[in-house]
Amino acid sequence: MVRFQVENDVRKVTESKGSFRVIEYERDASVSSLNAQSEYFMQKMGVHRRQVLCTMNGKVAIVTQAGAMQWVGGNVNATTGIKGAGDLLGKMVKGAVTKESTIKPEYVGEGVLMLEPTYKHILLENVEDWGAGIVVEDGMFLACEGTVSRDVTMRSNLSSAVAGGEGLFNLCMKGQGVVALESNVPRSELIEIDLQDDVLKIDGNMAVCWSATLK
């Protein structure tokens, strides 16, 4: 079994859900004289590096964005998740319309999987809490548990894509399990709005994610 100290005087776990833990570096100790000043002010403004640590029990696979893996420990193996030529073609089409990678590596086994560090904020969402599914903005997907199904959904309103300069298709995730998303803003700055037979108009591509039942 792979064991290591997750938390110390530099890094701490800020959120844990399902197979995922979010590790945040409170300060960057590996700085040089060339970037020490910028790192100092980044720390004061709350700009921190973050990583997602995935604990794998041999039962639930982990699917990640291509190139997201930094290191793995234990009996963990990577597969492409491609089930044939038809499946590959379908994923190529989906990747083209959602700006996501065509092949998302799928890791199976027992051990730990550490993802690459990022300065973006990490949102852990339980897909089941969203009922019929969660639709996310392009480029936000980082990783999910293998029990989460991923498909492409088309926006029901053409003007929402044209006016916002966005694509017509988005990634939709359904089923059970946890998904890790990369966000430009922290959860504390997000506004959650519950629509009941009403209208919400947003100027620009400021929507982060929404329920699959939204029309």
Side-chain angles (χ1 to χ4, degrees), residues 1-30 39 42-65 67-74 76 100 104-107 110-131 133-150 171-194 206-212:
M1 179 178 293
V2 177
R3 296 180 182 272
F4 70 100
Q5 185 178 1
V6 177
E7 296 184 296
N8 56 23
D9 61 338
V10 175
R11 59 180 182 258
K12 65 177 182 179
V13 175
T14 58
E15 188 177 5
S16 180
K17 190 174 293 185
S19 304
F20 303 116
R21 279 182 284 177
V22 179
I23 300 175
E24 184 173 297
Y25 292 78
E26 295 183 304
R27 61 184 177 87
D28 195 340
S30 57
E39 291 290 345
M42 288 172 65
Q43 176 188 342
K44 292 298 182 181
M45 290 300 297
V47 180
H48 302 297
R49 281 189 302 147
R50 299 172 181 86
Q51 287 185 276
V52 174
L53 176 65
C54 315
T55 302
M56 306 184 63
N57 58 8
K59 299 178 181 179
V60 179
I62 300 295
V63 180
T64 71
Q65 188 66 276
M69 184 272 287
Q70 186 185 51
W71 59 270
V72 295
V76 177
E100 305 282 353
K104 292 179 172 59
E106 183 173 316
Y107 296 88
E110 188 172 0
V112 293
L113 164 66
M114 181 72 87
L115 303 187
E116 288 280 358
T118 177
Y119 281 103
K120 290 187 176 183
H121 300 273
I122 306 298
L123 308 177
L124 299 182
E125 290 294 326
N126 192 332
V127 176
E128 191 175 8
D129 293 342
W130 289 75
I134 176 175
V135 182
V136 300
E137 188 55 272
D138 293 345
M140 288 190 63
F141 175 84
L142 179 61
C144 70
E145 293 178 325
T147 52
V148 176
S149 64
R150 305 171 308 283
L171 180 65
C172 178
M173 289 167 285
K174 302 178 181 180
Q176 296 180 331
V178 177
V179 57
L181 305 174
E182 285 187 296
S183 172
N184 290 322
V185 296
R187 186 183 294 273
S188 59
E189 291 187 3
L190 295 176
I191 301 174
E192 183 177 341
I193 298 175
D194 185 18
M206 304 299 290
V208 174
C209 55
W210 53 93
S211 301

Using atom types as modelled and distance alone, determine if a side-chain donor or acceptor of E145 lies under 3.5 Å from a backbone N or O of S19.
yes

Determine whether E182 and H121 make a side-chain contact, defined as any pair of heavy atoms from C-beta on separated by less than 4.5 Å.
no

So, the side chain of E15 versus the backbone of R21: is there a donor-acceptor pair under 3.5 Å, distance only?
no

For the residue pair S30 / D28, report whether a side-chain donor-acceptor contact shorter than 3.5 Å exists.
yes

With ring centroids as reference points, do W71 and F4 lie under 6.0 angstrom apart?
yes

Say you draw a straight line from CG of D129 to CD1 of I134; how long is it, rounded to the nearest 0.5 Å?
9.5 Å

Any heavy-atom pair between the side chains of M114 and V72 that's under 4.5 Å?
no

A quick test of your reading: do over 12 heavy atoms of other residues, nucleotides or ligands sit less than 6.0 Å from NZ of K12?
no

Return the OG1 to CG distance between T64 and L113, rounded to the nearest 0.5 Å.
6.5 Å

Q51 and Q70: CA distance, side-chain angles, deciding distance, side-chain hydrogen bond (donor to acceptor under 3.5 Å, both in side chains) verdict
CA-CA 10 Å; Q51 287 185 276; Q70 186 185 51; 2.8 Å; yes

Sub-4.5 Å side-chain heavy-atom contact between M140 and S183:
yes

Ignoring hydrogens, what is the shortest heavy-atom contact between K17 and L124? Give both atom names and the distance.
NZ-O, 3.2 Å

Could you tell me whether the side chain of E125 and the main chain of V127 form a donor-acceptor pair under 3.5 Å?
no

4.5 Å side-chain heavy-atom contact, L190 and L123
yes

When you measure from the side chain of H48 to the backbone of Y25, do you find a donor-acceptor pair of N or O atoms at a distance under 3.5 Å?
yes

I would like to know whether I62 and M56 meet side-chain contact (heavy atoms from CB on, under 4.5 Å); could you show each step before the answer?
CA-CA 8 Å; I62 300 295; M56 306 184 63; 4.1 Å; yes

Checking S149 side chain against K174 main chain: does a donor-acceptor pair fall under 3.5 Å?
yes

With sequence neighbours left out, the residues meeting side-chain hydrogen bond (donor to acceptor under 3.5 Å, both in side chains) with E128 are Q176

Search all heavy atoms of L142 against all heavy atoms of A68 and return the closest pair with its distance.
CD1-CB, 4.1 Å

Under 4.5 Å between any side-chain heavy atoms of V76 and E110, yes or no?
no

All heavy atoms of W130 vs all of W210, minimum pair found to be CZ3-C, 3.7 Å

Candidate pair C144 and R150, rule side-chain contact (heavy atoms from CB on, under 4.5 Å), full reasoning:
CA-CA 10 Å; C144 70; R150 305 171 308 283; 3.9 Å; yes

Within-4.5 Å side-chain heavy-atom neighbours: V63 and Y107
no

Mind checking the CZ-CE spacing from R27 to M42? Nearest 0.5 Å is all I need.
15.0 Å

Look only at the side chain of R11 and the backbone of V6, and say whether a donor-acceptor pair between them is shorter than 3.5 Å.
yes

Closer than 4.0 angstrom, basic N to acidic O: yes or no for E24 and R50?
yes

For L181 and M173, which heavy atoms make the closest approach, and how far apart are they?
CD2-CE, 4.2 Å

For A180 against F20, the heavy-atom pair lying closest together:
N-CE1, 4.5 Å

Are any non-hydrogen side-chain atoms of V52 and I23 less than 4.5 angstrom apart?
no

Where is the tightest heavy-atom contact between N126 and G177, given as atom of each residue plus distance?
OD1-O, 3.4 Å

When rounded to the nearest 0.5 angstrom, what distance separates CG in L115 from CE in M69?
9.5 Å

